Amino acid sequence: MKKLVLTLIITLFTAGLIVQASDLVIESKTQSYNEQENRLKFEGDVKVSVDDLKVVGESADVSMDENQKLDTATFYDKPYAYEIKKNKKREVKANILKMSLITKVVKAQGDTQSIVFDGKTPVVVINADEQEYDTKSGIMTADGAVTILYKDLETFSDKAKVKTDKNGDLKDIELIGNARIKQQSNDSFADRFYYNAGTKVLTATGNTTSNAMMEDGTKLVLKSNRQEYVQDKNIFYASGNVRVWYQDYYAEGPKLTLYPNKEGKPNEAYFTGRSSITQGVRTIYADKIKMTMKPKDFHADGNTRTVIKNIGSGDSGENENGGIRGGSRLGKKGR
């Protein structure tokens, strides 16, 4: 989640194509006008220029409204659009590309791909079934099997929405529906991710799960109804049916604050509200619980109560292989 914040601030918002009021220049091998359809048609090596925006394709048409003003330019047969400003290049590929010359909305349809280059190096790659950029509102929307790739970071969602201000600076971004953020061996899942550039807070809501790989190769799993990452403080907050699995620990409670160590790995988990922590056959209940990953330890405080299962059965809690019984049960919960 931390890496995602850097991605958003630096480049994601630049994937839109901006069309300002200016002359439209169209070159092609043939041009014709269909009076019945009130449409201009262009065939063969079509090249279109609007300020810094260029579009190249094999065929295109431009519809006109009842006042004979240009309305929408549509490009067919996998057109290619690009915009170059200083050392930045933005390009869009799609099966069909539509530009509204009235509303200033650019829409790419069918196997769309947007790429932002810094020099010749791709910085961000966005793939989706459809992508749309509204230059007036500053909102870019991608729909259908959306993937975003930035260096070692990948995101997946049904829909993505990016909003910028009049200067093109990022205001906020949403990943909506079956959303996932993956970075190397760490990943997070939620129904929705939302990042606010003003507060620098990344929020995950709805069936949230975060998996963090620790330095020793073990995995910490955090599940809750809501998770929040505060970039400035480098702190995670979780609330609503919070559950944590780490090695043979299983802890749960209503709220959690998770602090990292110097290496940025989750290290100190503070549960507040009536919580519990289980290790093997022993479960401790308390008003507050602190669980530490390195060194591995925990501390319970406030109305503590300990329950040890099967204490009178003569069962030591060890299975025939020498392991602690109950471990498989805890592991199953964390999957």
Side-chain angles (χ1 to χ4, degrees), residues 1-2 4-5 174-181 186-196 199-214 218-261 264-309 324 326-335:
M1 295 175 82
K2 181 179 179 181
L4 175 67
V5 175
E174 288 182 275
L175 300 177
I176 305 167
N178 298 307
R180 180 188 181 193
I181 299 173
N186 301 326
D187 56 12
S188 298
F189 302 83
D191 293 337
R192 174 180 177 266
F193 288 98
Y194 174 77
Y195 175 71
N196 186 300
T199 61
K200 296 183 180 179
V201 174
L202 177 65
T203 304
T205 55
N207 301 308
T208 65
T209 300
S210 293
N211 301 310
M213 193 63 67
M214 309 301 285
T218 59
K219 184 168 67 173
L220 182 143
V221 180
L222 169 62
K223 291 179 179 285
S224 61
N225 296 336
R226 177 187 176 92
Q227 295 181 28
E228 190 175 273
Y229 171 69
V230 181
Q231 181 190 9
D232 288 344
K233 297 181 180 180
N234 196 22
I235 298 174
F236 278 94
Y237 297 98
S239 60
N241 192 25
V242 182
R243 291 150 291 160
V244 173
W245 293 262
Y246 178 68
Q247 295 183 3
D248 60 343
Y249 280 167
Y250 168 68
E252 59 183 15
K255 292 184 179 181
L256 169 73
T257 303
L258 186 59
Y259 296 93
N261 58 19
K265 296 291 185 179
N267 194 54
E268 294 183 355
Y270 291 84
F271 284 88
T272 55
R274 199 60 180 169
S275 307
S276 67
I277 184 167
T278 300
Q279 184 182 36
V281 297
R282 181 181 58 170
T283 299
I284 294 89
Y285 299 87
D287 295 335
K288 297 179 181 179
I289 294 176
K290 175 186 176 182
M291 186 173 75
T292 305
M293 270 56 77
K294 186 179 180 181
K296 185 169 172 284
D297 202 353
F298 73 86
H299 176 78
D301 185 36
N303 299 309
T304 64
R305 182 168 66 96
T306 299
V307 176
I308 301 176
K309 294 183 179 180
I324 301 296
S328 61
R329 176 179 63 82
L330 301 181
K332 189 175 294 184
K333 282 186 178 181
R335 291 175 185 170

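Residue numbers count from 1 along this sequence. All of these numbers come straight from a predicted model, not from anything done at the bench. Note: hydrogens, waters and symmetry copies are ignored here, and every other heavy atom, side chains too, is used.
- Between the side chains of Asn207 and Asp191, at least one donor-acceptor pair of N or O atoms lies under 3.5 Å.
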Using the side-chain contact (heavy atoms from CB on, under 4.5 Å) rule, take Leu202 and Gln231 through it: C-alpha gap first, then chi angles, then the decisive distance, then the call. CA-CA 8 Å; Leu202 177 65; Gln231 181 190 9; over 6 Å; no

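- Taking Lys296 as the reference, Asp248 meet the side-chain hydrogen bond (donor to acceptor under 3.5 Å, both in side chains) condition, with sequence neighbours excluded.
- In the displayed structure, Asn178 atom CG is contacted under 6.0 Å by at most 12 heavy atoms of other residues, nucleotides or ligands.
- Using modelled atom types, one finds no donor on one side chain facing an acceptor on the other under 3.5 Å when comparing Tyr229 with Gln227.
- Every pair passing ring pair (Phe, Tyr, Trp, His ring centres under 6.0 Å) that includes a residue from residues 282-305 is listed here, sequence neighbours excluded: Tyr249-Phe298.
- A donor-acceptor pair is defined here as one N or O able to donate and one able to accept, closer than 3.5 Å; no such pair exists between the side chain of Thr283 and the backbone of Val307.
- Using modelled atom types, one side-chain atom of Arg243 and one backbone atom of Asn241 make a donor-acceptor pair closer than 3.5 Å.
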What's the verdict on side-chain contact (heavy atoms from CB on, under 4.5 Å) for Gln279 and Tyr250, showing C-alpha distance, side-chain angles and the deciding distance? CA-CA 7 Å; Gln279 184 182 36; Tyr250 168 68; over 6 Å; no

Please assess Asn261 against Met214 for the test side-chain contact (heavy atoms from CB on, under 4.5 Å), listing each intermediate value before the final yes or no. CA-CA 11 Å; Asn261 58 19; Met214 309 301 285; 5.8 Å; no

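- Taking the side chain as every heavy atom from C-beta outward, Lys223 and Trp245 approach each other to under 4.5 Å.
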In sequence, state the C-alpha distance, the side-chain angles, and the governing distance for Val244 and Met293, and then conclude on side-chain contact (heavy atoms from CB on, under 4.5 Å). CA-CA 11 Å; Val244 173; Met293 270 56 77; 5.8 Å; no

Contacts under 3.5 angstrom, residues 267-277 side chains, donor-acceptor by atom type, not counting sequence neighbours:
{"from": "Asn267", "atom 1": "OD1", "to": "Lys294", "atom 2": "N", "distance (Å)": "3.0"}
{"from": "Asn267", "atom 1": "ND2", "to": "Lys294", "atom 2": "O", "distance (Å)": "3.4"}
{"from": "Glu268", "atom 1": "OE1", "to": "Tyr270", "atom 2": "OH", "distance (Å)": "3.1"}
{"from": "Arg274", "atom 1": "NH1", "to": "Asp287", "atom 2": "OD1", "distance (Å)": "3.0"}
{"from": "Arg274", "atom 1": "NH1", "to": "Gly302", "atom 2": "O", "distance (Å)": "3.4"}
{"from": "Arg274", "atom 1": "NH1", "to": "Asn303", "atom 2": "O", "distance (Å)": "2.9"}
{"from": "Arg274", "atom 1": "NH2", "to": "Asn303", "atom 2": "O", "distance (Å)": "2.8"}
{"from": "Ser275", "atom 1": "OG", "to": "Gly273", "atom 2": "O", "distance (Å)": "2.8"}

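- Using a distance-only test at 3.5 Å, with no hydrogens or angles considered, no donor-acceptor pair links the side chain of Asn211 to the main chain of Val221.
- Side-chain contact check for Lys255 and Ser239: no donor-acceptor pair (N or O, by modelled atom type) lies under 3.5 Å.
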